[in-house]
Amino acid sequence: LLVFICVFCVSSTSVFDPRKKYQAAIVLGNPTKEDGTPSPILKSRLNRAIELYKNGNTERLVFSGGAADNEFVEAEAMKQYAIDNGIPREVIICERQSRFTVENALYCKQIIQKKNWDSVIIVTSTYHEKRASYIFHKFHINPTTIGVKLPQEITITRKIYLIIWDKLLLVKYVLFGDDNFPKKCKK
């Protein structure tokens, strides 16, 4: 029962309103392919963010991700992909330091505060949506969170692994916290 509460009832996410214009859409990183181009999971997130921008739902795109799993900076790969897909450079902000979701929230909070934004969208995968929302709320950020389905080319085994792993991390954060929260979550 406790696991159910942790996984399914933690931190409500705001519902996306397609009539609203948000100040920014923050795309959470995912490791690039070995050649430095976006992975299928990252492409799915980027395609949704590009759609939000082109539909007029957001003014800016923030790409959040450093060199987490290889030497390629996820934010730079995202920026190039967005530019190649018609997004103007001047609406893109890159956050290049984060290696995991807690750092995404930490470094994006600095951007949000500097820009004085109060309406942002977090774009991530559906399996990651609850945990990302929980973490951003821990940093006193109340975003609207949009989850993107995993691409078809991701195997069912991989999908199951990602879902289970992410839910276990969420349970860990809820029950035991995270070493990064106490020192980094200040207002």
Side-chain angles (χ1 to χ4, degrees), residues 11 13-18 20-33 35-70 72-115 117-139 141-151 153-154 162 166 169:
S11 75
T13 58
S14 298
V15 176
F16 172 68
D17 181 354
K20 182 176 178 179
K21 186 160 191 163
Y22 296 83
Q23 291 163 303
I26 299 170
V27 183
L28 302 185
N30 189 263
T32 64
K33 295 192 294 189
D35 65 357
T37 59
S39 66
I41 292 173
L42 191 51
K43 274 187 188 178
S44 68
R45 295 175 185 182
L46 286 165
N47 289 338
R48 182 65 170 119
I50 290 167
E51 176 186 331
L52 290 168
Y53 178 79
K54 288 182 176 180
N55 287 343
N57 298 115
T58 186
E59 300 169 8
R60 305 291 298 241
L61 296 176
V62 178
F63 300 134
S64 180
D69 282 11
N70 55 40
F72 298 104
V73 176
E74 296 163 10
E76 290 299 327
M78 290 190 268
K79 177 181 176 180
Q80 190 57 55
Y81 183 86
I83 291 168
D84 291 347
N85 284 276
I87 301 299
R89 285 180 194 275
E90 58 271 12
V91 304
I92 297 171
I93 297 172
C94 288
E95 179 285 297
R96 299 172 179 88
Q97 296 176 276
S98 59
R99 295 164 294 143
F100 46 88
T101 311
V102 172
E103 288 185 352
N104 289 133
L106 171 69
Y107 297 124
C108 285
K109 179 178 182 168
Q110 294 170 4
I111 295 168
I112 291 166
Q113 288 177 326
K114 182 178 178 184
K115 298 288 185 182
W117 290 335
D118 59 8
S119 64
V120 297
I121 305 169
I122 303 297
V123 181
T124 190
S125 301
T126 51
Y127 75 87
H128 185 238
E129 191 175 5
K130 275 256 192 241
R131 184 166 62 92
S133 177
Y134 176 79
I135 291 168
F136 274 77
H137 278 89
K138 280 287 194 183
F139 281 87
I141 303 166
N142 298 308
T144 296
T145 308
I146 295 180
V148 180
K149 289 183 181 178
L150 287 168
E153 60 261 42
I154 305 299
L162 290 169
D166 206 75
L169 284 174

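Every residue two or more places apart in sequence or in another chain that forms a side chain to side chain contact (heavy atoms under 4.5 Å, CB included) with K20 is listed here: D17, Y22, S119. For R60, there are no salt bridge (Lys or Arg N to Asp or Glu O under 4.0 Å) partners, not counting sequence neighbours. Scanning for side-chain hydrogen bond (donor to acceptor under 3.5 Å, both in side chains) contacts around Y53 gives an empty result, with sequence neighbours left out. Under the rule for a side chain to side chain contact (heavy atoms under 4.5 Å, CB included), the partners of F72 that lie at least two apart in sequence or sit in another chain are T32, N70. Under the rule for a side chain to side chain contact (heavy atoms under 4.5 Å, CB included), the partners of S44 that lie at least two apart in sequence or sit in another chain are V148, P151. Applying the salt bridge (Lys or Arg N to Asp or Glu O under 4.0 Å) criterion to E51, with sequence neighbours excluded, gives R48. With sequence neighbours left out, T126 forms a side-chain hydrogen bond (donor to acceptor under 3.5 Å, both in side chains) with no residue at all. Checked against side-chain hydrogen bond (donor to acceptor under 3.5 Å, both in side chains), N47 has the following partners two or more places apart in sequence or in another chain: Y81. R131 is linked by a salt bridge (Lys or Arg N to Asp or Glu O under 4.0 Å) to D166, counting only residues two or more places apart in sequence or in another chain. Under the side-chain hydrogen bond (donor to acceptor under 3.5 Å, both in side chains) criterion, D118 pairs with no residue, sequence neighbours left out. Remark: K115 engages I93, I111, W117 in a side chain to side chain contact (heavy atoms under 4.5 Å, CB included) (not counting sequence neighbours).
The list of side-chain hydrogen bond (donor to acceptor under 3.5 Å, both in side chains) pairs with a residue in residues 83-95, not counting sequence neighbours, reads S64-E95, Q80-D84, E95-S98.
Pairing each heavy atom of P38 with each of K33, the nearest pair is O-CE, 3.7 Å.
Checking I26, L52, L28 one by one against V123, the side chain to side chain contact (heavy atoms under 4.5 Å, CB included) holds for a single residue, L52.
Here the side chain of R96 pairs no donor or acceptor atom with the backbone of A75 at under 3.5 angstrom.
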